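As the structure is a prediction and not an experimental result, all values here were calculated from the model. Reckoned from all heavy atoms, side chains included, excluding hydrogens, waters and symmetry mates.
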Amino acid sequence: ATWFFQPKRTAESKNLQDGYISEVTALLGSIFLWMYWPSFNGALAVGAAQHRVVVNTVLSIGGSCVGAACVARWLFGKLEMEIMVN
C-alpha cells in the first residue's frame, strides 16, 4: 500500500533492505516446508490416496519453483533466489 500511495518514500525506506540473516532464515524455512509439507498434506488420507496426495504435493511444489524461476528470468533477466525461496 505504501508503494502505491507514496512511491518516493517507499524507494528511500530502510525497510526494503534485506539482510543475510533474513535470507538464510527464509531458505531454512523453505527447506523445512519442502521436507514436511507433503507428509502434512497426506496425513488424513488412507492407503493409495495418501501416496497420491504426497506425490501431487511434491509435483506442485516443484512446478511452482520452476514457474518462479521462469518468471524471475523473464522479468529480471537472471535467476533471483529470493523469489525462489519465497
Q) Is it the case that one hydrophobic cluster holds both Trp34 and Phe40, taking links as side-chain heavy atoms less than 4.5 Å apart, direct or via other members? A) yes
Q.
Measuring only between side-chain heavy atoms, which start at C-beta, is Leu79 closer than 4.5 Å to Met84?
A. yes
Scan the side chains in residues 63-71 for donor-acceptor partners under 3.5 Å anywhere in the protein, sequence neighbours excluded, and list what turns up.
{"residue": "Ser64", "atom": "OG", "partner": "Ser60", "partner atom": "O", "Å": "3.4"}
{"residue": "Ser64", "atom": "OG", "partner": "Ile61", "partner atom": "O", "Å": "2.7"}

Q.
Quick check: is Phe32 connected to Leu28 through a chain of hydrophobic side chains (ILVMFWY, heavy atoms under 4.5 Å apart)?
A. no
Can you give the donor-acceptor pairs under 3.5 Å from side chains of residues 43-59 to other protein atoms, not counting sequence neighbours?
{"residue": "Gln50", "atom": "NE2", "partner": "Gly42", "partner atom": "O", "Å": "3.0"}
{"residue": "Thr57", "atom": "OG1", "partner": "Asn41", "partner atom": "ND2", "Å": "3.2"}
{"residue": "Thr57", "atom": "OG1", "partner": "Val53", "partner atom": "O", "Å": "2.8"}

